[in-house]
Q: 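Encoded as structure tokens, here's the structure I'll be asking about.
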Protein chains: 2
Amino acid sequence: MASVTSYDVAARAGVSQSAVSRTFSKNGKVAAATKARVLKAAEELGYQPNLLARSLITGKTGMVAAIVSQTSGRYYPEVVQMLATALESAGKKMLLFYTDGRIDRVEEVLTEIGRYQVDGIIATTQFAPDRREMIRALGRPLMLVNRVDPKHEFPAVICEQTEAASGLANSLVEAGRKRVLLLSGPKDNFVARHRLMGALDGLGSAYLDTVKGDFTYDCGVAAAHQITSMKADAVMCINDSMATGVIDGLDRLGVQVPQDIWVTGFDGSFAGSLGRYDLTTYVQPIESMVNEAVRQLCLIIDEPDTTVPGQTFQGQVRVGRSAPL
Amino acid sequence: MASVTSYDVAARAGVSQSAVSRTFSKNGKVAAATKARVLKAAEELGYQPNLLARSLITGKTGMVAAIVSQTSGRYYPEVVQMLATALESAGKKMLLFYTDGRIDRVEEVLTEIGRYQVDGIIATTQFAPDRREMIRALGRPLMLVNRVDPKHEFPAVICEQTEAASGLANSLVEAGRKRVLLLSGPKDNFVARHRLMGALDGLGSAYLDTVKGDFTYDCGVAAAHQITSMKADAVMCINDSMATGVIDGLDRLGVQVPQDIWVTGFDGSFAGSLGRYDLTTYVQPIESMVNEAVRQLCLIIDEPDTTVPGQTFQGQVRVGRSAPL
DNA sequence: AGCAGGAGTGCATTCGAATGCAATCACCAA
DNA sequence: TTGGTGATTGCATTCGAATGCACTCCTGCT
């Protein structure tokens with residue numbers, strides 16, 4: 001309401017508006033004495049610079065849009081929190097958008113983003129290929145996390161998935177598992193696809209079959225029946241949420257993990273590490289990944305012409321009781 | 001970079017900038033024909049109105065700040081997601097801030113918020129009493145969720161906690177528990193305090209002692225030792241995260257829940273409902289609460305002089321295996 | 001004393017869109 | 001044909017802050 005502007009401060013300090021502006025911006029030259037007076041006046045009036053007005057001139061808002069695809073998993077919330085922390089310490093504000101996994105939401109979200117002049121975008125969502133042009137048109141740097149642009153136009157920070165899945169699968173085989181079932185994710189999902197590929201590769205003849213999943217706990221529970229009827233001796237789930245669901249579902253059927261069946265997950269989410277589940281899973285270093293993504297994004301923001309390489313991280317297998325490798 | 005302005009569109013459509021502005025704002029009067037031409041030109045140039053520039057005039061940004069106090073619990077992420085969804089469908093963008101439970105962060109966050117001209121604020125964080133003036137100075141409506149302003153200056157949507165805790169405590173006593181331990185939360189936390197008060201009240205002589213906690217899973221695990229040494233026959237935890245921690249901690253000591261000790265939580269978080277924990281807990285209708293908070297906030301935003309009542313919701317006890325009431 | 005150099009400052013303009021007011025236009029009735 | 005009416009439209013200004021440019025002083029040096 002009674003919003004205080006730089007003119008008000010200027011009047012009270014007996015200087016020009018320019019002087020006020022200069023004391024509040026990084027590279028303004030002001031004499032120490034006037035700076036002090038301006039700050040005093042600002043303090044007294046409770047002045048805060050209007051960053052949106054500033055952005056009209058500078059072209060920078062200090063806001064970064066985060067797009068996350070909130071499958072109902074336990075994994076994305078952790079990513080969001082880390083994003084918030086990382087952006088915060090980079091001095092950026094986070095404008096958060098969820099797509100709820102619906103690809104059509106991406107378009108809506110992108111137009112909204114365009115209207116808000118964010119400095120950059122971090123996305124953990126898949127884009128339809130024809131959105132590429134739209135993103136380019138936004139004219140804002142985009143950083144992908146655990147997604148990859150097939151044409152490598154946009155930099156991506158990812159965690160190696162295929163080899164990891166293959167390695168985990170291999171370990172199962174070497175540990176003597178002979179009938180391994182896969183619980184997969186949505187076909188169009190990047191990580192799901194890569195994990196699946198790796199797993200298939202690593203299982204070899206121990207591969208039994210694939211059950212279609214959707215990343216949710218409930219779907220894990222629901223799959224339990226099918227799993228037992230196929231007499232699998234291990235289930236590789238493409239994420240942790242489903243793995244916890246499978247464990248609970250099997251439990252209800254009176255099937256013991258790991259005595260009767262082994263179960264593995266993928267992600268390294270908090271829920272999976274809870275003592276009662278103690279999943280064997282592939283732990284992604286999300287914190288490092290998110291930090292790196294933010295770091296690289298900030299580089300482009302500060303120096304618009306640089307290109308940035310992205311990065312591929314390696315996670316590691318955590319062995320829990322659910323599959324005592 | 002090549003940002004398209006209303007002037008560009010105007011030029012291409014052969015009209016004035018005003019016409020463009022009017023076709024893109026709610027209450028602008030434009031002839032259907034010119035509107036069509038403008039839209040066509042806008043489409044061709046990929047024009048998107050700059051909402052921040054607009055906000056200079058209208059005084060509204062369409063952004064709402066959300067402040068959450070991210071204790072590491074499993075509960076706040078769910079709140080964040082619901083907030084996002086609710087704000088989204090109210091047509092607001094969410095600017096998200098975490099305080100990490102540090103009260104000093106609140107001040108930083110509030111000044112940032114002041115600089116970004118948000119239309120309103122939704123907070124699940126406790127404010128130090130002397131921040132009241134600061135918030136008032138922001139001149140922006142504030143809605144509290146599960147926090148209460150002692151002076152009732154700011155509207156709050158909360159879930160009834162004290163009676164609920166008392167009721168739950170009572171049920172434990174009636175079910176024959178005689179030595180009930182409390183695992184409390186931070187003293188300055190609103191919900192923790194109210195839940196504790198209620199529990200004390202409801203337990204009567206079955207109250208054994210209070211162990212200080214901090215809402216985290218780890219702290220629940222750590223408390224297990226103390227719990228057994230005090231020979232409690234039930235533990236009331238002030239939130240679900242700690243309850244799951246307690247269960248796992250006891251498990252490691254070979255103590256069975258519920259055979260040897262009963263455990264209850266508070267929140268109704270997803271993790272607590274997982275089959276392996278199956279907590280008896282007090283489920284808060286967070287979704288309704290968040291929706292109501294957003295609804296009321298939007299009312300004030302649209303009609304700045306209205307006051308809004310807040311609301312108190314009732315949750316309900318969900319009985320799980322962790323304390324088979 | 002005279003002058004070059006530099007630091008501080010203010011003026012005026014700019015960013016992109018909204019809006020009050022005045023001008024224009026089409027159309028209808030007399 | 002003329003005046004009136006309402007609907008559109010454009011002009012000019014405004015929001016709050018940043019910044020190029022020109023101007024004023026104050027130093028310090030010769």
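Residue numbering restarts at 1 for every chain, and letters A, B, ... go by the order of the sequence lines.
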Q: Please state whether the phosphate of C:dA17, meaning OP1 or OP2, lies under 4.0 angstrom from any side-chain nitrogen or oxygen of B:Y47.
A: yes
Q: Counting the atoms with a prime plus P, OP1 and OP2 as sugar-phosphate, which does B:V20 contact under 4.0 Å by heavy atoms, base, sugar-phosphate, or nothing?
A: nothing
Q: Distance check needed: C:dG16 C1' versus B:L51 CG, whole Å only.
A: 11 Å
Q: Taking side chain to side chain contact (heavy atoms under 4.5 Å, CB included) as the criterion, tell me which of A:L56, A:L51, A:T61 meets it with B:L52.
A: A:T61
Q: How many Å lie between CD on B:Q17 and C1' on C:dG16, as a whole number?
A: 8 Å
Q: Across the strands shown, which category fits B:S21 at heavy-atom distances under 4.0 angstrom: base, sugar-phosphate, nothing?
A: base
Q: Hey, does the side-chain of A:R22 have a donor or acceptor N/O within less than 3.5 Å of a partner on the base of D:dG20?
A: yes
Q: If the cut-off is 4.0 Å, is B:S16 near the phosphate of D:dC11, judged by side-chain N/O to OP1 or OP2?
A: no
Q: Between A:S6 and D:dA18, does any side-chain N or O lie under 4.0 Å from OP1 or OP2?
A: no
Q: State whether B:T58 places a side-chain N or O below 4.0 Å from either non-bridging phosphate oxygen (OP1 or OP2) of D:dC15.
A: no
Q: Return whichever of B:A32 or B:L56 has its heavy-atom-nearest nucleotide of DNA chain D closer to the 5' end.
A: B:A32
Q: For the rings on B:Y98 and B:Y76, is their centre-to-centre separation under 6.0 Å?
A: no
Q: Write down the distance between OH (B:Y116) and C1' (D:dA17), rounded to a whole number of angstrom.
A: 14 Å
Q: To the nearest angstrom, how far is B:R54 atom CZ from C:dA17 atom P?
A: 9 Å
Q: Starting at atom CG of A:L52, determine the distance to atom P of C:dA17, rounded to an integer number of angstrom.
A: 14 Å
Q: Quick one: does B:E303's side chain get under 4.5 Å of B:L299's, heavy atoms only?
A: no
Q: Nearest whole Å is fine: how far is C:dA12 P from A:Y7 OH?
A: 11 Å
Q: CD1 of A:I57 versus P of C:dA12: gap in Å, rounded?
A: 17 Å
Q: Under 4.0 Å between a side-chain N or O of A:S25 and OP1 or OP2 of D:dA17?
A: no
Q: Pick base, sugar-phosphate or nothing for A:S18, based on heavy-atom distances below 4.0 Å to the nucleic acid.
A: base
Q: May I have the distance from A:K26 (atom NZ) to D:dA17 (atom C1'), rounded to whole angstrom?
A: 15 Å
Q: Counting heavy atoms from C-beta on, name the nucleotide in C:dG16, D:dA17, C:dT9 closest to the side chain of A:A31.
A: C:dT9
Q: Below 4.0 angstrom, N of the basic side chain to O of the carboxylate: do B:E43 and B:R12 qualify?
A: no
Q: NA contact type, A:S55, heavy-atom cut-off 4.0 Å: base, sugar-phosphate, or nothing?
A: nothing
Q: For the residue pair A:T99 and A:S69, what are the closest heavy atoms and their distance?
A: OG1-CA, 3.2 Å
